[in-house]
Amino acid sequence: DQQVKQNSPSLSVQEGRISILNCDYTNSMFDYFLWYKKYPAEGPTFLISISSIKDKNEDGRFTVFLNKSAKHLSLHIVPSQPGDSAVYFCAASFNTNAGKSTFGDGTTLTVKP
Amino acid sequence: DTAVSQTPKYLVTQMGNDKSIKCEQNLGHDTMYWYKQDSKKFLKIMFSYNNKELIINETVPNRFSPKSPDKAHLNLHINSLELGDSAVYFCASSSQNRDRRATQYFGPGTRLLVL
C-alpha cells in the first residue's frame with residue numbers, strides 16, 4: 001500500500017517556463033510534507049517543506065502548495081533552469097514521529113535549454 | 001567536511017557473503033536512518049536509531065542488522081546476501097531535538113550488487 005504517490009515518472013519543460021511536480025497521499029494523518037531533490041550518484045537533498053496548517057510555502061523559485069481536502073501537494077519551480085534537472089521526491093510524515101518520512105517514488109525533471 | 005558519509009560507495013559481492021556498510025555524520029544529529037532504494041527507485045525506510053536506540057524497524061529480513069556504536073555512526077551489516085538485496089542503500093540523519101519536523105540529510109549512497 002503506497003501511501004505517497006507521484007504519478008508522473010518524468011516531466012520535461014523548457015528553460016524559463018514553470019515546472020509543476022505533483023504528489024498525492026492517502027493517509028490524512030500526515031501533517032508535514034517535504035520535497036527532496038536528487039542528482040545522479042548523490043543522496044537526496046532537502047528542498048522545501050510545508051506544515052499541514054499552511055497551504056503554501058515559498059522559497060525563492062520554489063513554491064509548495066498543499067490541498068489537504070484533496071490530499072495533494074505540488075511543487076512549482078519558476079523559472080525552471082537546466083540545473084534543476086534531477087529526480088524530485090515528495091515525502092510525508094507525522095508530527096508524533098517526525099523522523100519517519102514516507103517517500104514517493106520520484107519524478108525525473110528535465111529542463112531543456 | 002562531508003556531512004553524512006558512507007563507505008563503501010560501491011560493493012560487488014557474491015550471494016551468501018556477509019558484508020557491512022558504514023555511515024558517519026558530523027552534523028551533531030541524534031537520529032540516523034537506513035533507506036533502501038530498489039530498482040523501481042522507491043526509497044523505503046529500513047531502520048532508525050535515536051541516541052543509539054532503535055526506534056524504527058520496518059519489515060526487513062533479520063539478515064539485516066543495524067548497529068550504532070555512538071550517535072555519529074550507524075552501520076548496516078547484511079548476512080547471507082541474496083540477489084534481491086541488490087539496491088542503493090542510503091544513510092541519513094536528522095535532529096529531533098532542534099526541530100521536531102526533522103529534515104533528513106542523506107549520504108551519497110552505497111551501490112550494492114549481489115552476483
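Labels below follow one simple rule: chain letters A, B, ... track the order of the sequence lines, proteins then strands, and each chain is numbered from 1. We use all heavy atoms of the structure for the numbers below, so side chains are in, but hydrogens, waters and symmetry mates are not.
- When heavy atoms are compared at a cutoff of 4.5 Å, B:E58 approaches chain A solely by way of its side chain, counted from C-beta outward.
- In terms of modelled atom types and a separation under 3.5 Å, the side chain of B:Q25 and the main chain of B:K71 share a donor-acceptor contact.
- Side-chain atoms of A:R61 do not come within 3.5 Å of backbone N or O of A:I77 as any donor-acceptor pair.
- Listed for the A:Q6 side chain is a donor-acceptor partner under 3.5 Å among the backbone atoms of A:Y88.
- Remark: B:K19 NZ to B:D85 CG distance equals 13.5 Å, nearest 0.5 Å.
- Within residues 107-115 of chain B, the residues having any heavy atom closer than 4.5 Å to a heavy atom of chain A are B:G107, B:P108, B:R111, listed by residue number.
- The distance from the SG atom of A:C90 to the CG atom of A:L47 is 12.0 Å, given to the nearest 0.5 Å.
- Atom CZ of B:F47 has more than 12 neighbouring heavy atoms from other residues, nucleotides or ligands inside a 6.0 Å radius.
- Using a 4.5 Å cut-off between heavy atoms, A:A41 touches chain B through backbone and side chain atoms alike.
- With a threshold of 4.5 angstrom between heavy atoms, A:Q2 approaches chain B through side-chain atoms but not through N, CA, C or O.
- At a 4.5 Å heavy-atom cutoff, the contact between B:K9 and chain A is made by side-chain atoms alone.
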For this session: Check the pair B:H77 / B:D18 against side-chain hydrogen bond (donor to acceptor under 3.5 Å, both in side chains), numbers first and verdict last.
Result: CA-CA 7 Å; B:H77 189 75; B:D18 302 338; 4.8 Å; no

For this session: Verify side-chain hydrogen bond (donor to acceptor under 3.5 Å, both in side chains) between A:S74 and A:N22, making sure each step is shown before the conclusion.
Result: CA-CA 4 Å; A:S74 61; A:N22 294 304; 4.5 Å; no

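- Panel note: side chain B:N51, backbone B:E53; no donor-acceptor pair is recorded below 3.5 Å.
- Of all residues spanning residues 103-113 of chain A, those with a heavy atom less than 4.5 Å away from chain B's heavy atoms are A:F103, A:G104, A:D105, arranged by number.
- Using a 4.5 Å cut-off between heavy atoms, B:F90 contacts chain A through its side chain alone, with no backbone atom that close.
- The aromatic rings of A:F30 and A:Y25 sit perpendicular, their planes meeting at an angle over 60°, well past the 30° parallel limit.
- Contacts between A:Y39 and chain B at a heavy-atom distance below 4.5 Å are absent for every atom of the residue.
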For this session: Tell me, with the steps shown, if A:Y36 and B:F106 meet ring pair (Phe, Tyr, Trp, His ring centres under 6.0 Å).
Result: CA-CA 10 Å; A:Y36 288 83; B:F106 285 82; 5.6 Å; yes

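- From A:I50, atom CD1 reaches atom NZ of A:K68 across 9.0 Å, with rounding to the nearest 0.5 Å.
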